[in-house]
There are 2 protein chains.
Amino acid sequence: MSNHTPTPLSQAWLDTLQAGGYRITRPLQVIVEILANSTRALGPVNIYDLARKEYPKTGLVTVYRALEKLEATGLVQRVHQADGCHAYLRAANGHEHILLCSLCGQVVYFAGDDLSDLIARVEGQSGFTIQEHWLQFHGLCANCQ
Amino acid sequence: MSNHTPTPLSQAWLDTLQAGGYRITRPLQVIVEILANSTRALGPVNIYDLARKEYPKTGLVTVYRALEKLEATGLVQRVHQADGCHAYLRAANGHEHILLCSLCGQVVYFAGDDLSDLIARVEGQSGFTIQEHWLQFHGLCANCQ
DNA sequence: CCTATAATTGAAAAAGATTTTCAGTTTCAT
DNA sequence: ATGAAACTGAAAATCTTTTTCAATTATAGG
């Protein structure tokens, strides 16, 4: 069976997973390779189909379990779209946020937003303690418009 | 069976639904009443349970169908949370955004954000046409902290 | 290099969530 | 009042996700 060399990013993910106490198996490697290098959001079944091209024995259950590990480790995040939240993506780092093409699922990460004033104001008015904020843009990518 | 007078908001929703060509039935009225006046996000089964207290014949299917209509009409929106996206809420109007308590699901709507500069910059850099933006805060409400 | 152990795997079954089908009922315009 | 079209609830069908379990595999330690 073919055995490509991992990209730098997927190698880094595998190192992180191993440091987290997980074992590095062939199906995990294949799934990591797929997700680390995808430019669009992928659902469990998409990943399953892609993984089986590389390692045909891969089971769908293993995809679900890999997604759990990757999400728990903070390498991957769920993508929320109007029609559901079943796709996954490389997690945004730091102050990155995501911009998604509503047609093809293409993703672009962008940095920069300073919401601290707004957050302070909303905390004051609501009595909440804000722990997390979530900013996401949707639109049409250059190819889809 | 009891028949409370509708609140102004739920009456407005019913009018909108009727204007949209939908028929106003008892289970729809009950479901609208529940959603229009809830201060927290509710999933289909939550709604089902609450609806049956008011109108015991209500079927879960009818809840799903009502949510479809309400979402299509823009009165209700799905709430996206870390663990899934199965709850619904009154839709945010205009420049309102939502702040959710991660423990109890309590929701607060807040207004105000000017992201036009950021949007313009990201459009320029990415080649996307941005159609929609999505801002959501998560935290602990006054009661839950 | 071998070994023991604990994690991981795939298949099948189970559980859950959502959708479809269908016959009977209800709304609402006429 | 009446009829057409929309809506309803129950059951069945479809998905999606999780659990169970025996077999396999990764990895630490000898």
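Every chain is numbered from 1 and lettered A, B, ... according to where its sequence line falls, protein lines coming before strand lines.
Checking the phosphate oxygens (OP1, OP2) of dT18(C), a side-chain nitrogen or oxygen of H86(B) falls inside 4.0 Å. For dC7(D), the OP1/OP2 oxygens have no side-chain nitrogen or oxygen of K57(B) closer than 4.0 Å. Proximity of T25(B) to the phosphate of dC7(D): no side-chain N or O atom is located under 4.0 Å from OP1 or OP2.
When the P atom of dT16(D) is taken as reference, atom OH of Y64(B) falls 14 Å away, rounded to whole Å. For the pair E68(A) CD and dT16(D) C1', the computed distance is 14 Å after rounding to whole Å. Rounded to whole angstrom, the span from the CD atom of Q29(A) across to the P atom of dT25(D) amounts to 14 Å. Look at OH on Y48(B): it is 10 Å from C1' on dA10(D), rounded to the nearest Å. Rounded to whole angstrom, the span from the CZ atom of R52(B) across to the C1' atom of dA10(D) amounts to 12 Å. The nearest whole Å value for the distance from the CG atom in L14(A) to the P atom in dA26(D) is 13 Å. Atom OH of Y22(A) is separated from atom P of dT8(C) by 8 Å (rounded to the nearest Å). Distance, R23(B) CZ to dT8(D) P: 11 Å, rounded to whole Å.
Ring geometry, H80(A) versus H80(B): the interplanar angle exceeds 60°, so the pair is classed perpendicular (tilted spans 30 to 60°).
Using a 4.5 Å cut-off on side-chain heavy atoms (C-beta onward), V107(B) and V79(B) make no contact.
The residue among P44(A) and R65(A) whose nearest nucleotide of DNA chain D is located toward the 5' end is P44(A).
Nucleic acid contact for Q18(B): sugar-phosphate only, since backbone atoms but no base atoms lie under 4.0 Å from a heavy atom of the residue.
Screening V76(A), T7(A), I31(A) for a side chain to side chain contact (heavy atoms under 4.5 Å, CB included) with W13(A), the sole residue that qualifies is V76(A).
Distance check for C85(B) and C85(A): the SG atoms are under the 2.5 Å cut-off.
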